[in-house]
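Everything on this sheet refers to the single structure shown next.
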Amino acid sequence: EVQLVESGGGLVQAGGSLRLSCVGSGYSFDDYHIGWFRRAPGKEREGVSCIDTFNGKAYYADSVKGRFTISRDNAKTTVYLQMNNLKPEDTAVYYCAKPRYGTRYEYDYWGQGTQVTVSS
């Protein structure tokens, strides 16, 4: 069964850093790109970043570009999101997600989420 488990969230002050991790299992991890999304209070889910398969090509939302870095370790079936210079606006539940096979932007499995809270 496909499973995605996030960890690494917490409470930090503005300007601080966190590194999120997401471990995938139950599928061929390195055959899929993988994405990070977030949902802030009162807002819809938004895409944060995604990374391609083994080549490591990455994409970022404008709001996080230059502050967040995505990476993956296929041997560990894990994707990371290094978040630096955090802002209160980054407060959200962060999710990783796997796309449906053969699609680019449709995601069929999601993790349970990890809470990131940034205080000012």
Side-chain angles (χ1 to χ4, degrees):
E1 179 180 355
V2 174
Q3 187 174 11
L4 298 166
V5 180
E6 303 96 334
S7 62
L11 174 64
V12 299
Q13 292 183 246
S17 298
L18 286 172
R19 188 176 77 158
L20 307 183
S21 299
C22 171
V23 179
S25 61
Y27 73 104
S28 299
F29 184 84
D30 58 356
D31 285 340
Y32 296 80
H33 75 266
I34 191 164
W36 284 99
F37 298 80
R38 67 186 181 186
R39 184 182 181 279
K43 298 180 65 177
E44 292 297 308
R45 182 189 68 210
E46 65 174 338
V48 176
S49 181
C50 65
I51 186 167
D52 284 351
T53 53
F54 57 88
N55 63 21
K57 185 164 58 178
Y59 305 86
Y60 300 93
D62 288 342
S63 60
V64 307
K65 196 171 298 181
R67 299 188 298 119
F68 291 10
T69 303
I70 190 171
S71 61
R72 66 189 295 165
D73 185 336
N74 288 337
K76 297 180 179 178
T77 66
T78 300
V79 61
Y80 305 94
L81 187 67
Q82 178 67 46
M83 306 185 296
N84 297 328
N85 191 25
L86 284 161
K87 304 175 180 180
E89 304 93 275
D90 296 318
T91 295
V93 178
Y94 284 72
Y95 303 87
C96 61
K98 165 196 170 292
R100 178 173 285 112
Y101 191 85
T103 72
R104 299 183 189 276
Y105 306 112
E106 183 178 354
Y107 291 81
D108 60 355
Y109 287 94
W110 299 78
Q112 83 289 346
T114 185
Q115 176 71 48
V116 172
T117 302
V118 185
S119 62
S120 59

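Positions are given from 1 along the sequence.
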Taking distance alone, no hydrogens or angles, what donor-acceptor pairs closer than 3.5 Å link side-chain atoms of residues 77-84 to residues at least two apart or in another chain?
unit_1 : atom_1 : unit_2 : atom_2 : d
T77    : OG1    : G24    : O      : 2.9
T78    : OG1    : K76    : O      : 2.8
Q82    : NE2    : N84    : OD1    : 3.0
N84    : OD1    : S17    : OG     : 2.9

Please find out if less than 6.0 Å separates the ring center of W110 from that of F37. yes
Show your working on side-chain contact (heavy atoms from CB on, under 4.5 Å) between C22 and W36 and close with a plain yes or no. CA-CA 9 Å; C22 171; W36 284 99; 3.7 Å; yes
Any idea which heavy atoms bring G47 and A61 closest together, and the distance? O-CB, 3.5 Å
Once ring-ring contact (aromatic ring centres under 6.0 Å, His included) is applied, do any residues pair with Y60, and if so which ones, sequence neighbours excluded? none
For residues 39-48, pull every pair meeting side-chain hydrogen bond (donor to acceptor under 3.5 Å, both in side chains), keeping only residues two or more places apart or in separate chains. R38-E46
Give me each pair satisfying salt bridge (charged side-chain N to carboxylate O under 4.0 Å, His left out) with a member in residues 54-63, each pair once, sequence neighbours excluded. D52-K57, D62-K65
Residues pairing under salt bridge (charged side-chain N to carboxylate O under 4.0 Å, His left out) where one sits in residues 105-120, two or more places apart or in two chains, turn out to be K98-D108, R100-E106
With sequence neighbours excluded, what pairs up with T117 under the side chain to side chain donor-acceptor pair (under 3.5 Å) test? Q115
What closest approach, in Å, do L20 and T114 show between heavy atoms, and which atom pair accounts for it? CD2-CG2, 4.0 Å
Suppose clustering is done on Ile, Leu, Val, Met, Phe, Trp and Tyr with side-chain heavy atoms closer than 4.5 Å. Which residues sit in the same group as Y59? none
Would you list the pairs meeting salt bridge (charged side-chain N to carboxylate O under 4.0 Å, His left out) in which at least one residue belongs to residues 9-33, sequence neighbours left out? none
Non-hydrogen atoms of V116 and L18 that approach each other most closely: CG1-CD1, 3.9 Å
Please output the side-chain donor-acceptor pairs of residues 3-11 that fall under 3.5 Å, not counting sequence neighbours, one pair per line with the distance.
unit_1 : atom_1 : unit_2 : atom_2 : d
E6     : OE1    : Q112   : N      : 3.0
E6     : OE1    : Q112   : NE2    : 3.4
E6     : OE1    : G113   : N      : 2.9
E6     : OE2    : C96    : N      : 2.9
E6     : OE2    : G113   : N      : 3.4

For Y107, enumerate each residue passing the side chain to side chain donor-acceptor pair (under 3.5 Å) test, keeping only those at least two apart in sequence or located in another chain. H33
With disulfide (SG to SG under 2.5 Å) as the rule and sequence neighbours excluded, what pairs involving residues 35-85 come up? none
